[in-house]
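To start, the structure itself, in structure tokens.
Each chain gets a letter, A, B and so on, in the order the sequences are listed, and its residues count up from 1.
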There are 2 protein chains.
Amino acid sequence: MPKTPTVYDVADLAGVSIATVSRVFRKPHKVSQATKDRVNAAVLNLGYVPSGSARSLAARRAGAIGLCFPDFDGIDGGPAPIVYADGRVIEQLDPPEDVEPSGDLYLSEVMLGTEIEAWRHGMAVTIAVARGDEIFDNLAGRVDGMITLSRTVPEGLLAHIARHIPVVVIAGTRAGDDYDHIGTDNVAGMQAMTRHVVDAHGVRDLAFVGGPADSPDDHDRFEGFRMGLHAEGIELPSEPLLRGDFTRSHGRMLGRRLVEAGRVPRALVCSNDQTALGVLDALLATGLRVPEDVIVTGFDGIDASQTSRPRLTTVRQPMRELGRAAVDTLLRRLGDPLMPPQTGTLPVTVLLRESCGCLA
Amino acid sequence: MPKTPTVYDVADLAGVSIATVSRVFRKPHKVSQATKDRVNAAVLNLGYVPSGSARSLAARRAGAIGLCFPDFDGIDGGPAPIVYADGRVIEQLDPPEDVEPSGDLYLSEVMLGTEIEAWRHGMAVTIAVARGDEIFDNLAGRVDGMITLSRTVPEGLLAHIARHIPVVVIAGTRAGDDYDHIGTDNVAGMQAMTRHVVDAHGVRDLAFVGGPADSPDDHDRFEGFRMGLHAEGIELPSEPLLRGDFTRSHGRMLGRRLVEAGRVPRALVCSNDQTALGVLDALLATGLRVPEDVIVTGFDGIDASQTSRPRLTTVRQPMRELGRAAVDTLLRRLGDPLMPPQTGTLPVTVLLRESCGCLA
DNA sequence: GAGGGTGATGTATGCGCATACAGTATAAGG
DNA sequence: CCTTATACTGTATGCGCATACATCACCCTC
């Protein structure tokens with residue numbers, strides 16, 4: 001890697017000015033074909049690649065969108081053992097035990113949606129994990145706008161950043177802030193699910209298995225549950241029966257706890273799929289039948305809900321569309337900074353499968 | 001959003017020079033505490049965020065790593081219907097039919113590994129989808145190095161970019177290029193798998209169900225299969241029995257074709273999990289039993305291989321570690337540009353489950 | 001008390017590009 | 001043949017920051 005060539009080198013080699021080189025890239029129609037050919041030849045010849053930093057600086061726009069995710073707890077298991085060699089190879093034939101599934105399809109899907117939509121608009125996507133102030137240092141300064149999951153960035157920091165670039169929050173409820181918000185209809189989805197269990201399966205003994213108490217998603221879903229019960233004239237609980245942390249292993253634990261306590265309701269409406277799958281694991285392990293003895297429902301619509309036995313009745317939220325909608329909103333905001341704060345809600349779909357007794 | 005504040009504004013407000021402001025961020029130990037406090041107060045006051053572009057330009061390093069993925073075929077289903085409203089909500093209770101699983105855990109996992117490792121080293125990750133020359137325009141110029149999946153970027157373009165920044169290729173075999181490579185041990189993994197089927201289950205009538213003919217992964221896996229057969233003294237096929245495109249639906253098709261042709265081998269060694277799962281679907285649908293009538297094995301170790309019925313015996317490749325190792329290699333390369341081209345191979349793990357007859 | 005550190009800060013410059021503005025050449029119009 | 005429009009191209013400047021170097025104050029040391 002010798003010295004990186006710049007516009008100046010290209011201009012020299014092509015016998016034109018740097019302005020012309022720049023124009024070949026930015027406004028090709030303003031350059032004659034002959035000149036374009038000469039410049040392009042020089043570009044190829046030198047291996048020239050325009051500097052994004054310089055371009056962004058001069059053009060006063062980064063051409064990138066920031067995506068800020070919560071820290072991947074515990075995922076950071078240290079570096080892998082790399083075998084740098086030719087021939088040296090490790091064959092492991094032993095472990096018949098299983099690996100833990102890589103939970104967060106949710107994030108992956110949102111990421112994918114963001115990526116797709118951003119790319120459609122010629123924007124790059126820069127990903128960051130919220131960890132201390134690095135978002136501030138490393139991300140906020142290099143993007144035109146930021147998308148973040150709710151509760152990911154400390155409020156003070158986010159406010160500071162929002163003075164600088166527009167911020168779109170995914171999956172949170174507005175709390176007096178001025179950010180744009182994109183979410184799914186947790187309330188309506190869970191309400192519909194609840195009423196389905198009551199109406200279609202005649203169950204009036206339902207309980208809600210929740211997630212973290214500080215999750216706005218969980219809050220809304222519980223609210224939807226309560227609204228569903230209310231509509232059916234069933235008495236409302238003020239709190240979820242139990243709370244987990246949205247993981248499958250916590251779900252298993254909660255399931256076991258219910259069985260041990262000896263009071264398993266006729267239907268368990270869970271706040272997300274992972275929890276529901278864990279509950280399912282626990283119930284089945286103790287010999288209970290789903291849906292015959294206990295009905296279990298989830299929320300999210302992750303792939304695993306489709307391959308479980310029985311398959312999980314759940315509310316599918318369009319995770320990929322979430323990222324997509326966030327990008328659209330961000331771009332509209334960039335186009336019109338004065339627009340009032342937006343709140344977008346994506347519709348959800350109730351998927352009826354075996355775990356509630358449908359398709360049985 | 002009034003005019004974005006710069007170092008100059010901060011310097012003025014704090015009554016110092018811009019060099020001092022810069023130092024507060026880059027070399028805090030070289031600034032007295034009193035000055036630091038004044039500057040930080042000004043930063044908060046103005047809502048200052050340092051410009052990544054200017055910083056990168058001046059520092060001659062982007063502080064970011066590029067990750068280039070193949071186009072997500074057919075994923076681009078057009079924008080979502082967003083409901084911008086208060087109260088207007090769409091409840092969909094109808095469709096009991098399932099959604100297509102979002103196949104590519106592989107990419108997500110690699111992305112995640114990249115993200116984690118890059119962030120550990122204070123580097124941002126910028127993602128791009130290979131589509132035409134946009135990688136060149138939008139990505140290569142704004143990162144310090146690039147990671148790409150093999151066969152993702154056209155060779156000419158990649159060579160051009162590699163003159164400018166280091167490139168690490170994931171999952172390809174070296175083909176006379178000078179890039180660094182990171183891959184998993186496809187050959188050894190498939191060889192071990194093949195020998196397991198022969199040794200442990202006494203099967204000598206095996207066939208290989210392959211993927212795209214131009215996939216280096218598939219090529220290596222088939223080679224491993226052949227080496228396994230050779231070691232067992234079984235005659236080698238020169239070509240896979242059938243080829244799909246690595247998707248589950250193609251797998252189903254191939255499975256059906258085998259059944260219809262009336263010649264289903266005792267064991268089907270598939271080149272990846274999705275294919276194997278599709279084959280499984282097709283076989284089970286026609287009443288064949290797995291593993292009693294036919295043994296099926298996969299490769300990759302995606303989550304779905306763990307929740308299928310029967311669960312899939314497969315070779316797990318450490319997808320997340322792949323991204324991680326790629327980042328490590330890239331960083332080492334940045335530290336030592338003259339280092340000879342590296343080839344890293346990550347070990348794989350054979351997971352024995354029901355679909356081959358183990359754990360039955 | 002002169003010489004030589006040492007720590008804190010300021011000055012000046014350049015990173016590579018986009019672009020406003022100012023040419024220049026050529027064609028068209030009168 | 002002169003004017004004016006048109007199509008290209010060049011010159012000059014600034015984007016916001018990092019940093020080499022210069023400066024200055026102050027403390028040691030012998």
Side-chain angles (χ1 to χ4, degrees), chain A residues 2-40 42-43 46-64 136-138 140-144 164-165, chain B residues 2-40 42-43 46-64 136-138 140-144 164-165:
Chain A
K3 187 185 160 306
T4 301
T6 72
V7 263
Y8 297 98
D9 304 314
V10 175
D12 281 353
L13 184 57
V16 298
S17 74
I18 62 159
T20 299
V21 175
S22 178
R23 274 191 286 258
V24 169
F25 285 101
R26 317 313 298 168
K27 328 211 160 158
H29 59 282
K30 308 196 87 178
V31 181
S32 75
Q33 190 57 48
T35 306
K36 247 185 293 198
D37 291 343
R38 290 222 310 289
V39 171
N40 282 327
V43 167
L46 294 173
Y48 168 73
V49 174
S51 153
S53 325
R55 178 174 289 179
S56 302
L57 182 58
R60 267 149 278 225
R61 65 184 287 279
F136 171 80
D137 271 1
N138 249 334
R142 66 167 74 226
V143 297
D144 294 318
H164 184 240
I165 50 174
Chain B
K3 186 185 162 303
T4 300
T6 72
V7 263
Y8 297 97
D9 303 314
V10 175
D12 280 353
L13 185 56
V16 299
S17 75
I18 63 159
T20 298
V21 175
S22 178
R23 273 191 288 258
V24 169
F25 285 101
R26 315 314 296 169
K27 329 210 159 159
H29 59 282
K30 311 195 85 176
V31 181
S32 75
Q33 190 57 49
T35 307
K36 247 185 293 196
D37 291 344
R38 290 222 311 291
V39 170
N40 282 327
V43 166
L46 294 173
Y48 169 72
V49 174
S51 153
S53 324
R55 177 174 289 180
S56 303
L57 182 58
R60 267 148 281 225
R61 64 184 287 283
F136 170 80
D137 271 1
N138 251 334
R142 67 166 75 225
V143 297
D144 293 319
H164 183 240
I165 50 174

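In this entry the distance linking CD of A/Q33 with C1' of D/dC8 reads 14 Å, nearest Å. Remark: C1' of D/dT23 and NZ of B/K30 are 15 Å apart, rounded to the nearest angstrom.
Side chain of B/D12 to main chain of B/D9: no donor-acceptor pair is present (N/O by atom type, distance under 3.5 Å, no hydrogens or angles). A side-chain donor-acceptor contact under 3.5 Å links A/R142 to the backbone of B/A62.
Note: B/I18 CD1 to B/R23 CZ = 10.0 Å, rounded to the nearest 0.5 Å.
B/Y48 comes within 4.0 angstrom of the backbone, heavy atoms only, and of no base. Counting non-hydrogen atoms under 4.0 angstrom, B/S56 reaches nothing in the nucleic acid. Nucleic acid contact for B/S51: sugar-phosphate only, since backbone atoms but no base atoms lie under 4.0 Å from a heavy atom of the residue. Counting non-hydrogen atoms under 4.0 angstrom, B/K27 reaches the backbone sugars and phosphates but no base. Residue B/T20 is classed as a sugar-phosphate contact, given heavy-atom separations below 4.0 Å to backbone atoms only. Residue B/V31 is classed as a sugar-phosphate contact, given heavy-atom separations below 4.0 Å to backbone atoms only.
If you find the closest nucleotide of DNA chain D to A/V16 and to B/F25, the one lying nearer the 5' end belongs to A/V16. Comparing B/S53 and B/A19, the nucleotide of DNA chain D nearest to each residue sits closer to the 5' end for B/S53. Taking the nucleotide of DNA chain C with the nearest heavy atom to each of B/L57 and B/R23, the more 5' of the two is matched to B/R23.
Of all heavy-atom pairs between A/N138 and B/G63, the closest is OD1-O, 4.5 Å. Taking both residues in full, the closest heavy atoms of B/A14 and B/V39 are given as CB-CA, 4.0 Å, listed atom of the first, atom of the second, then distance. Here the closest non-hydrogen pair linking B/K36 and B/V31 is CE-O, 3.4 Å.
Within the helix from C/dG1-D/dC30 to C/dG30-D/dC1, the inter-axis angle between the opening and closing five-pair segments is 40°, rounded to 10°.
For DNA chain C, the outermost nucleotides in 5' to 3' order that have an atom under 4.0 Å from a heavy atom of chain A are C/dG16 to C/dT19.
Between A/Q33 and A/D37 there is a side-chain heavy-atom pair separated by less than 4.5 Å.
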Can you give me every donor-acceptor pair (side chain of residues 48-60 of chain B, partner residue at least two apart or in another chain, under 3.5 Å) with its distance?
residue	atom	partner	partner atom	Å
B/S51	OG	B/S53	N	3.4
B/S51	OG	B/A54	N	3.0
B/S56	OG	B/G52	O	2.8
B/R60	NH2	B/A58	O	3.2

